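Order of appearance sets the numbers: ligands from 1, and atoms from 1 within every ligand. Quick caveat: nothing in here was measured; it's all calculated off a predicted structure. One is the number of the first residue; the rest follow in order along the sequence.
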Amino acid sequence: MNQSSSDFHALVASLVGPPSEIGSFIGSELVTGSGAMLPLVDPATGQTLLQFADTDAGIVHAALGSCQAGQKQWAAFSAQRRGEALAQLGHLVRRDAEPLARLEAITSGKTIKAARAQVAAVAEIFRYYAGWTDKFLGNVIPVPGGQLNYTLREPLGVVLAITPWNSPIYLAAWNVAPALAMGNAVLLKPSELTPLTALALAKLAREAGLPSGTLNVVNGLGKTIGDAAIGNPITKKVVFVGSTQTGRAVNAAAAQRPISCLLELGGKSANIVFDDADLDAACRAAVVAACANTGQNCAAGSRLLVQHGVYDRFVESVGRAVADYRIGHPLDETADGGPINNRAQYERIQCMVAMGLDEGARLVTGGVTPPGGPGFFVRPTVLSHVNNTMRIAREEVFGPVVVAIPFDTEADAIAIANDSEFALAGAVWTRDVARAHRVAAQVNAGLLWINMYRDMHVATPFGGNDSSGYGRSSGAECLYEYTKTKSVWLPIAEGD
Ligand code: ADP
């Protein structure tokens with residue numbers, strides 16, 4: 001074992017447990033799987049960091065049984081005590097922020113800067129939902145017949161949360177925290193490509209005082225776990241973040257029970273730049289919109305719609321700025337972006353760029369050829385002269401690739417933006433306030449920025465429409481997703 005490999009194993013041991021015991025986290029313990037060995041690959045080198053055994057349906061059912069027992073204890077806590085435990089979990093995340101960020105950067109490929117920001121956001125997510133445990137109220141409803149009618153908001157029971165590899169601990173917390181705040185237990189299934197920070201989070205949850213089984217983690221391949229967990233009557237809801245294709249399969253499996261889903265799927269968001277916009281600001285934001293997290297981001301501004309009058313000039317400046325975007329090792333403090341998380345995605349991005357060029361797009365910067373050397377590094381790429389019928393304009397790349405599409409009028413911009421199966425996010429850049437609001441109202445998206453791109457906070461609703469999924473996974477709005485409403489009646493009129 002070389003030095004960096006032994007450092008990595010020491011990091012895993014301190015945050016999760018012995019690397020040889022990596023598997024699932026049930027109750028308070030690591031449980032190793034019995035299936036084929038799955039490699040955990042370093043995106044910066046392509047080398048295997050460690051291996052862990054795939055899980056089986058028996059482990060999934062045991063994890064759900066443990067969640068069911070944990071949920072009973074957790075729901076019996078007072079709302080205030082639940083809030084204190086979640087706030088404590090946020091403190092513990094802050095205490096371990098630096099090692100958690102390192103583990104996240106090394107295994108996901110995101111830069112250490114981005115990993116630190118996301119770990120800080122994880123602490124903020126728990127702080128935010130800790131405050132909601134005693135504030136999500138029922139109603140008293142003025143029914144006509146002399147009765148008292150009120151509503152109770154009850155936990156669902158056990159929620160299954162399936163999360164992807166692009167922002168592992170952040171998306172875990174984003175979906176776990178509101179479910180826990182409402183008194184549910186969660187079975188978390190992280191991507192098999194990034195299993196470790198979810199385990200670290202579950203371990204911290206125990207330290208924070210959440211009862212055993214309140215947050216369990218199963219690690220292994222998606223289909224085995226998905227089929228077993230969605231088919232088990234203990235599971236009362238599925239929250240899925242990932243590709244549209246897998247989301248459809250999850251949705252279909254849940255419909256058999258039936259239980260409800262919350263789906264956060266793909267995107268092909270339109271970043272619309274009018275010729276009267278602050279073009280310098282729009283250019284800086286367009287680069288971040290396309291390249292943040294090396295483009296592995298469902299809300300990426302991957303379609304850049306630019307008004308004809310400024311198209312050539314603007315696309316050229318975006319090309320120059322994207323060429324300056326520094327891709328480097330995840331632990332390089334100065335890198336803007338890291339490698340792609342995994343080989344399959346790395347190869348897919350190259351195929352998609354080649355396909356765009358075949359379809360007639362012109363290369364402004366970047367291209368198909370990787371920069372060379374080990375690891376899954378790609379060149380951030382800008383393609384111009386794209387029209388919205390090309391596959392490169394319609395399919396999600398999930399990499400640092402932006403297509404620049406020209407438009408003439410406001411109506412054209414809206415029509416192009418909405419001509420997509422996806423409807424997650426979007427932005428409009430203009431100095432005309434009325435136009436900004438008109439466009440914001442007409443673009444089909446769950447999230448729309450005006451003269452900015454990418455800011456998000458756990459306090460505001462997030463989610464998409466159409467093939468981008470359904471449901472809203474943050475803010476107060478998502479608390480409805482994690483509760484069931486009971487309407488209670490009793491007669492109170494005098495003389496009854
Ligand atoms: P990607 O973003 O790599 O395309 P997916 O959407 O397939 O990934 O994966 C997102 C998450 O869904 C991962 O945790 C993965 O293991 C899981 N998953 C994959 N297939 C299934 C399935 N059939 N049922 C449930 N979960 C799945």
Closest approach of Asn219 and Ile225, non-hydrogen atoms and distance? C-CD1, 3.8 Å
Between Asp54 and Leu221, is there a donor-acceptor pair closer than 3.5 Å when you use the side chain of the first and the backbone of the second? yes
Indicate yes or no for a side-chain donor-acceptor contact from Ser302 to the backbone of Val402 under 3.5 Å, with no hydrogens or angles considered.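 No, the answer is negative, given that no donor and acceptor are paired below the 3.5 Å cut-off.
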Could you list all the side chain to side chain donor-acceptor pair (under 3.5 Å) pairs where at least one residue sits in residues 174-190, not counting sequence neighbours? Trp174-Ser473, Lys189-Glu192
So, Arg394 and Glu359, do they make that salt bridge, N to O below 4.0 Å?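 No salt bridge links Arg394 with Glu359.
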What short N/O contacts, under 3.5 Å, does ligand 1 make with the protein, listed by atom pair and distance?
residue: ligand 1; atom: 3 (O); partner: Trp165; partner atom: NE1; Å: 2.7
residue: ligand 1; atom: 6 (O); partner: Ser243; partner atom: N; Å: 2.7
residue: ligand 1; atom: 6 (O); partner: Ser243; partner atom: OG; Å: 2.7
residue: ligand 1; atom: 6 (O); partner: Thr246; partner atom: OG1; Å: 3.4
residue: ligand 1; atom: 7 (O); partner: Thr246; partner atom: OG1; Å: 2.8
residue: ligand 1; atom: 14 (O); partner: Thr163; partner atom: O; Å: 2.8
residue: ligand 1; atom: 14 (O); partner: Lys189; partner atom: NZ; Å: 3.4
residue: ligand 1; atom: 16 (O); partner: Lys189; partner atom: NZ; Å: 3.0
residue: ligand 1; atom: 16 (O); partner: Glu192; partner atom: OE1; Å: 2.6

Could you give the distance from CG (Leu64) to CD1 (Ile234), rounded to the nearest 0.5 Å? 5.5 Å
